[in-house]
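Notes follow once the structure below has been shown.
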2 protein chains.
Amino acid sequence: MAKKQSSEVTRDLLRAHDLRPTRQRMALAKLLFPKPGHKQHVTADALFAQATKAKTGVSLATVYNTLHQFTEAGLLREVSVSSATYFDTNTSPHHHVLDEDTGMLTDLKPGRLALTGIPRPPRGSQVTSVDVIVRMRKKA
Amino acid sequence: MAKKQSSEVTRDLLRAHDLRPTRQRMALAKLLFPKPGHKQHVTADALFAQATKAKTGVSLATVYNTLHQFTEAGLLREVSVSSATYFDTNTSPHHHVLDEDTGMLTDLKPGRLALTGIPRPPRGSQVTSVDVIVRMRKKA
DNA sequence: CAACAGTTTAGAGTTATTCTAATCTACATT
DNA sequence: AATGTAGATTAGAATAACTCTAAACTGTTG
């Protein structure tokens, strides 16, 4: 049986990452890490919905705060790009570098970055695009 | 001197892609393709600002419509991911497949997809992340 | 040049996320 | 154990990037 991670374990996890074990963080951590090794992808909205269903008193703002705190602590990894969409007049396949400080997007010289092993799509589906975005930022 | 692409050339470009050469599309095409081979990245907002500065009467909605039409026509390539951010409890480096029909994000088996030739960041900068997102969708 | 399909538009609506500033709480210290 | 306070939470407003709607306009075809 998939037993829920104990409060004690969760508390220790938070403490180990310098996060005060508040009621809200405990609840969210239990949803995110029900047991060691359990992997999942979650959006802020989905997590908020789960927390709400579980009658945890947690606001959406707290879900966002917590997800970012957990990410900073290394408990989560964020997957996304700048929310803006760029349109590139270069229509040949190539990849991009995004300067997070300025928002500037530049092409990666084609051929420099190689990508192999793109999975075959299931029958009836097609790969619409493969985007590689290397994000760079000034050192703190 | 970098001469602006003539109206004639622009008109032909649009016609060749089954797009009526309206005043608005002509203006935007000239901004996007000032001369053959000129490559650039542009956001809807930035293009709208350019068009506005050039005193072209073009609405923001038209800029969006036009960018998408040009993309469908193959004149542009869109660079972005789903606007939502996902948080992944798997913090080890790996890449993702996004099912565009359902919004479901799944991990790519590590090792399957290999990435080589990631550029060295300029001094003082660091690579914050390298995201590879393979997008799939059901065939039309 | 009439007619209509295709296009444009202002402004409202949506979605995902961040901000604000007031309230609350964990916990180190008394 | 009570207290002080830095840290945390919250409701709701604000923002950003689009998308939608439905009315007005325009290229093109006959």
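Fair warning: this is a prediction, and the values are worked out from it, not measured in the lab. Protein chains get the first letters and strands the later ones, always in sequence-line order, with residue 1 at the start of each. The figures here come from the full heavy-atom set of this structure, side chains too, leaving out hydrogens, waters and symmetry mates.
- At least one side-chain nitrogen or oxygen of B/R15 sits closer than 4.0 Å to the OP1 or OP2 atom of D/dT28.
- Under the 3.5 Å distance criterion, the side-chain polar atoms of A/T89 are matched with a main-chain donor or acceptor of B/Q40.
- Residue B/L67 contributes atom CG, which lies 14 Å from atom P of D/dA17 at whole-angstrom precision.
- B/T91 approaches A/R77 most closely through the heavy-atom pair O-CD, 3.4 Å.
- Phosphate proximity of C/dT17 to A/Y64: present, with a side-chain N or O under 4.0 Å from OP1 or OP2.
- The two residues B/L108 and A/P119 make their nearest non-hydrogen contact at CD1-CG, 3.5 Å.
- From A/M136, atom CE reaches atom CD of B/Q126 across 10.5 Å, with rounding to the nearest 0.5 Å.
- Side chains of A/N90 and B/H41: a donor-acceptor N/O pair is absent below 3.5 angstrom, by distance only.
- Listed nucleotides D/dG27, C/dT8, D/dT10 differ in distance to B/R20; the shortest reach to its side chain belongs to D/dG27.
- Here the straight-line distance linking atom CZ of B/R25 with atom OG1 of B/T10 works out to 13.5 Å at 0.5 Å rounding.
- Counting to the nearest Å, the P atom of C/dA28 and the CG atom of A/D18 are 12 Å from each other.
- Look at CG on B/N65: it is 17 Å from P on C/dG11, rounded to the nearest Å.
- Going from atom CZ of B/R25 over to atom P of C/dT9 covers 11 Å, rounded to whole Å.
- Between B/R23 and C/dT8 there is no side-chain N or O to OP1 or OP2 distance below 4.0 Å.
- Atom CZ in B/R11 sits roughly 13 Å away from atom C1' in D/dT28 (whole-Å rounding).
- We find that CZ of A/F70 is positioned 11 Å from P of D/dA8, with the value rounded to whole Å.
- A donor-acceptor distance shorter than 3.5 angstrom exists from the side chain of B/T52 to the backbone of B/F48, with no hydrogens or angles considered.
- Summarising the geometry, atom CG belonging to A/L13 is positioned 8.5 Å from atom CG belonging to A/L19; distances are rounded to the nearest 0.5 Å.
- Computed from coordinates, the A/Y86 OH to D/dA17 P distance equals 9 Å when rounded to whole Å.
- Between the C1' atom of C/dT18 and the NE2 atom of A/H68 lies a distance of 9 Å, rounded to the nearest Å.
- Listed pair B/Q24 / C/dT9 meets the phosphate criterion, a side-chain N or O lying under 4.0 Å from OP1 or OP2.
- Residues from residues 40-47 of chain A lying near DNA chain C, meaning a heavy-atom separation below 4.0 Å, are absent.
- Between atom OH of residue A/Y86 and atom NE2 of residue A/H96 there is a gap of 10.5 Å, rounded to the nearest 0.5 Å.
- Along DNA chain C, the nucleotide nearest to B/T62 and the one nearest to B/F87 differ in position, and the one closer to the 5' end is contacted by B/T62.
- Put simply, B/T22 has a side-chain N or O that comes within less than 4.0 Å of OP1 or OP2 on C/dT8.
- Residues satisfying the side chain to side chain donor-acceptor pair (under 3.5 Å) criterion with A/S129, sequence neighbours excluded, are B/R135.
- For the contact set between residues 48-61 of chain A and DNA chain C, defined by any heavy atom under 4.0 Å, the members are A/L60, A/A61.
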